[in-house]
Amino acid sequence: MRYPWNSKSIKWYMEAEKTTSFYKRIKNMVGPCLDGVDSVLDVGCGPGSLTMELVGSYQKVEAIDISVPAVSALRERVEGLGFTNIGLRSLSFEDLPYRYEYDAVFLCYVMGLVREALMEKILRHSRRYVFLVIPSEDIKNDFNIKSLAQRLDADDSELKQPCYKEIVPVLDRLGLSYSVHIFESEFGQPFYDMEEAADFFRHYFPIFAEKEQELSQWLSESLEYVSGGYYLPNTRKSVLITIEK
Ligand SMILES: C[S@@+](CC[C@H](N)C(=O)[O-])C[C@H]1O[C@@H](n2cnc3c(N)ncnc32)[C@H](O)[C@@H]1O
């Protein structure tokens with residue numbers, strides 16, 4: 001499935017980036033392993049919050065994403081800041097030629113790619129480390145969305161997502177050496193007004209799209225008023241898996 005990037009979702013992503021320490025946290029958790037790591041690849045970079053953290057730390061950073069608008073947004077940011085150690089490509093990971101090798105490969109919340117059939121390819125692109133950042137729970141509960149699903153008596157299997165419990169047995173079957181680190185980060189979403197918040201939910205959670213009234217009620221209970229707008233709090237529960245080759 002193509003991640004639905006457009007000008008609105010890119011703007012939401014960039015706004016959320018300003019208030020979260022999630023990406024910095026990943027960089028800091030990984031940091032101690034990375035002595036002697038010069039080149040890194042960020043697979044499924046999106047508009048590049050993690051890439052922007054990595055580019056300040058490593059000699060050579062490459063980032064790829066299947067989405068043209070996401071890579072264009074990242075290109076604009078990078079050009080504005082004058083980095084020269086970064087390469088960007090709008091490309092599906094499956095099409096990345098094998099001749100490209102890096103000291104470390106990152107996949108952050110790119111669940112469609114973290115699966116057994118692609119694990120060998122992921123490993124082949126890395127000389128030393130693979131870092132997988134994936135959800136820790138199998139039902140998506142961003143913004144406490146489960147509470148809305150329960151209120152609407154909606155089928156929460158619609159919120160099902162691959163999580164680390166499915167990945168760990170794959171790594172065991174492949175006989176890989178890895179460590180698992182569970183962590184939580186505040187990763188909320190700022191909005192200008194309530195209508196923008198409803199629009200966000202229609203975009204990311206279409207199962208609630210037809211329940212306008214209930215969604216508005218739930219949003220008015222959940223949004224915090226902050227200077228200049230609103231903030232929807234969210235504790236993101238994730239797992240960092242470090243695979244060492
Ligand atoms: C949830 S976003 C994560 C973005 C970024 N890694 C982050 O954590 O902020 C998932 C990204 O994976 C990209 N993606 C999905 N399938 C892909 C593929 N086959 N090859 C490359 N990128 C892909 C999507 O376009 C999207 O930008």
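One is the number of the first residue; the rest follow in order along the sequence. Remember, it's 1-based here, ligands and their atoms both numbered in the order they're listed.
- Salt bridge annotation for Arg202-Glu195: present, with a cationic side-chain nitrogen under 4.0 angstrom from a carboxylate oxygen.
- Less than 4.0 angstrom separates some heavy atom of Ser67 from each of these atoms of ligand 1: 25 (O).
- Applying the 4.0 Å criterion to heavy atoms of Tyr13 picks out, from ligand 1, the atoms 5 (C), 7 (C), 9 (O).
- Residues passing the side chain to side chain contact (heavy atoms under 4.5 Å, CB included) test with Asp153, sequence neighbours excluded: none.
- Remark: distances from the non-hydrogen atoms of Tyr23 to ligand 1 include one below 4.0 Å.
- Contact atoms of ligand 1 toward Val110: 12 (O) (distance under 4.0 Å to a heavy atom of the residue).
- Between Phe131 and Tyr129, the ring center distance clears the sub-6.0 Å criterion.
- Listed by first and then second residue, the side-chain hydrogen bond (donor to acceptor under 3.5 Å, both in side chains) pairs that reach into residues 166-180 are Glu116-Arg173, Asp172-Tyr178, sequence neighbours excluded.
- Note: Phe22 and Phe187 meet the aromatic proximity criterion, with ring centroids under 6.0 Å apart.
- With Gly46, Ser238, Ser92, Gly44 as candidates, the residue nearest to atom 6 (N) of ligand 1 on a non-hydrogen basis is Gly44.
- The shortest heavy-atom distance from Ile64 to ligand 1 is not under 4.0 Å.
- Numbered from 1 in the order shown, with element, the atoms of ligand 1 that lie under 4.0 Å from a heavy atom of Leu91 read 21 (C).
- Between Leu113 and ligand 1 there is a heavy-atom distance shorter than 4.0 Å.
- The closest approach between Asp95 and ligand 1 stays at or above 4.0 Å for every heavy atom of the residue.
- Listed by number with element, the atoms of ligand 1 under 4.0 Å from a non-hydrogen atom of Tyr109 are 1 (C), 2 (S), 3 (C), 10 (C).
- Counting heavy atoms closer than 4.0 Å to ligand 1, residue Cys108 contributes atoms from both its backbone and its side chain.
- For the pair Arg236 and Tyr109, the cation-pi criterion (under 6.0 Å, within 45° of the ring axis) is fulfilled.
- Within the 6.0 Å centre-distance limit, the rings of Phe143 and Phe200 are counted as a close aromatic pair.
- Of all the heavy atoms of Pro47, none lies under 4.0 Å from any atom of ligand 1, so neither backbone nor side chain is involved.
- Using a non-hydrogen distance threshold of 4.0 Å, Cys45 registers as a contact of ligand 1.
- No N or O atom of Asp42 sits closer than 3.5 Å to an N or O atom of ligand 1.
- When each of Phe106, Tyr100, Tyr98 is paired with His125, the ring pair (Phe, Tyr, Trp, His ring centres under 6.0 Å) condition holds for Tyr98 and for no other.
- Using a 30° and 60° split on the angle between ring planes, Phe208 and Phe205 fall in the tilted class, from 30° to 60°.
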